> 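Right, I'll just put the structure down here and ask away after.
For clarity, every value in this text was computed on a predicted model and none was experimentally measured. All ligand and atom numbering here is 1-based and tracks the order in the structure. Worth knowing before you read on, the calculation uses all heavy atoms, side chains too, and leaves out hydrogens, waters and symmetry mates.
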Amino acid sequence: MLFIIAFAVLISFNSIYSLDNGLGKTPQMGWNSWNHFGCSINETIIHATADALIATGLAQAGYTYVNVDDCWASSRDQTTNYIIPDPIGFPSGMASLADYVHSRGLLFGLYSDAGIETCAGRPGSYGYEDIDAQIYAQWKVDYLKYDNCYAGPTNKTIKERYERMRDALNRTGRPIFYSACEWGEMLPAIWFRAIANSWRTTSDISDHWISMLLNIDINDLFANFAAPHGFNDPDMLEVGNGGMTSTEYRTHMSLWSIAKAPLLIGCDVRQLSQETLEILTNSEVIAVNQDSLGIQGQKIRIDLEHDTEVWAGPLADGSKAVLAFNRAHIINQTISVSFPDLGWKSTSRVKVRDLWLHQDLGEFQGNYTAFNIESHGAQLLKMTLITL
Ligand SMILES: *[C@@H]1O[C@H](CO)[C@@H](O)[C@H](O)[C@H]1NC(C)=O
Ligand SMILES: *[C@@H]1O[C@H](CO)[C@@H](O)[C@H](O)[C@H]1NC(C)=O
Ligand SMILES: *[C@@H]1O[C@H](CO)[C@@H](O)[C@H](O)[C@H]1NC(C)=O
Ligand SMILES: *[C@@H]1O[C@H](CO)[C@@H](O)[C@H](O)[C@H]1NC(C)=O
Ligand SMILES: *[C@@H]1O[C@H](CO)[C@@H](O)[C@H](O)[C@H]1NC(C)=O
């Protein structure tokens with residue numbers, strides 16, 4: 001009971017001090033160029049990506065932001081200080097690119113940095129926050145990812161540097177989603193709610209099982225600080241990039257969904273396998289992520305002996321999203337979910353649904369046991385109380 005009261009206070013505290021731009025009621029969904037393309041991007045690729053998001057049904061599934069990461073800018077005009085897009089990769093300019101993305105019914109995002117240079121050595125926004133924010137608004141940018149490279153020479157704190165861009169974006173009068181990327185250095189989850197719509201809790205993800213797990217494990221420590229308008233960000237999806245098995249990618253997607261992490265696709269959507277598309281577009285899995293309650297699911301039981309975990313979080317309709325997760329290498333395992341762990345009773349009757357398979361598994365009393373969960377696999381479930 002005490003726990004429930006403390007949690008309620010935290011939630012209301014969280015909503016009061018949110019960044020007030022009206023955005024990010026649920027975690028952002030879209031695509032970002034970095035994980036697959038790195039610096040090798042240009043307007044042709046972004047056009048084709050916007051087209052592919054529509055053609056594949058990804059946009060329909062909710063992936064609406066088209067975000068260009070580092071390397072779109074080349075320099076700063078010596079007299080006006082305006083940022084200049086790379087003339088080779090983006091000859092039509094960013095306003096034209098934003099128009100193209102908008103014409104497809106999608107939203108357009110850009111990237112900059114709270115230091116003197118971006119991570120790839122392009123001009124940073126420190127000292128030019130207003131001039132950059134104004135031009136983003138003029139170009140009709142909807143989203144800004146703001147990185148943290150080359151900040152040393154500014155002699156300014158993270159707080160001051162990220163607030164400067166928050167205020168500059170606000171002064172444009174255009175609601176622009178503000179995605180902070182300071183890599184979790186100063187435990188941003190604890191105090192970034194008033195600054196940004198999402199904040200990275202970790203260093204960069206890479207397309208490997210260990211990296212994905214490390215990021216979601218760290219992100220889990222800050223679960224109680226997530227709420228509508230401000231979410232923890234364990235970094236973008238690697239689903240479809242080839243470094244994990246399909247089972248692992250399905251687990252990656254399950255973990256990001258239950259943890260209310262931003263769902264930003266990081267693969268080349270112009271050439272998707274059917275399997276990748278199915279992992280990214282499962283409507284019941286996405287619904288967990290986009291649930292209006294916006295409470296981050298977290299680990300509720302860790303079995304160190306068998307290397308299995310149960311994660312859970314509440315949903316707006318009173319049911320729970322539950323993940324039965326086999327972290328172990330090689331072996332299939334049986335994972336039991338005890339209803340008292342979910343706040344119910346050992347006599348409670350509960351309806352269980354497999355969200356990946358869109359299948360009702362039946363009614364259970366006291367506990368539910370998932371059999372034969374593959375190594376690195378997980379079952380994502382929805383559990384609804386029938387009788388306490
Ligand atoms: C700017 O900030 C004020 C005060 O927090 C807020 O009411 C307003 O909606 C913000 N405007 C934009 C465009 O973010
Ligand atoms: C973008 O890159 C692709 C492949 O690397 C190339 O075919 C295309 O011409 C490039 N477009 C521009 C505008 O540079
Ligand atoms: C940062 O601090 C150093 C040493 O105190 C000083 O030399 C430098 O001019 C400062 N830089 C800025 C941008 O204020
Ligand atoms: C699970 O519930 C069943 C009855 O529904 C009971 O027989 C079994 O002992 C329970 N297992 C655990 C691990 O609680
Ligand atoms: C492991 O589980 C998967 C499905 O979850 C099943 O296809 C496979 O046969 C199982 N392997 C063993 C050795 O039981």
> Using a 3.5 Å cut-off on N or O atoms only, is Thr44 in polar contact with ligand 2?
yes
> Only heavy atoms of Gly89, strictly under 4.0 Å: list the atoms of ligand 2 that pass.
13 (C)
> In the complex you have, is atom 11 (N) of ligand 2 within reach of the protein, judged by whether a heavy-atom distance drops under 4.0 Å?
yes
> Among protein heavy atoms, which sits nearest to atom 14 (O) of ligand 2, and what does the distance come to when rounded to 0.1 Å?
Asn42 ND2, 3.4 Å
> Any donor-acceptor pair under 3.5 Å linking the side-chain atoms of Asp307 with those of Gln333?
no
> Which protein non-hydrogen atom lies closest to atom 13 (C) of ligand 5, naming both residue and atom, and how far is it?
Asn332 ND2, 4.3 Å
> Identify the two heavy atoms, one from Ala189 and one from Asn232, that lie closest to each other, and give their separation to 0.1 Å.
CB-OD1, 3.3 Å
> Can you sort out which atoms of ligand 5 are near Glu374, meaning under 4.0 Å from one of its heavy atoms?
2 (O), 3 (C), 4 (C), 5 (O)
> Less than 3.5 Å apart, any donor N or O on the side chain of Asn197 or Asn21 sitting next to an acceptor on the other?
yes
> For atom 9 (O) of ligand 4, what's the nearest protein heavy-atom neighbour? Residue, atom name and distance, please.
Asn367 ND2, 4.7 Å
> Consider only side-chain heavy atoms of I, L, V, M, F, W and Y, link residues closer than 4.5 Å, and tell whether Leu255 and Leu280 are in one cluster.
yes
> Between Ile330, Ile373, Asn372, flag the one that comes closest to atom 5 (O) of ligand 5 by a heavy atom.
Asn372
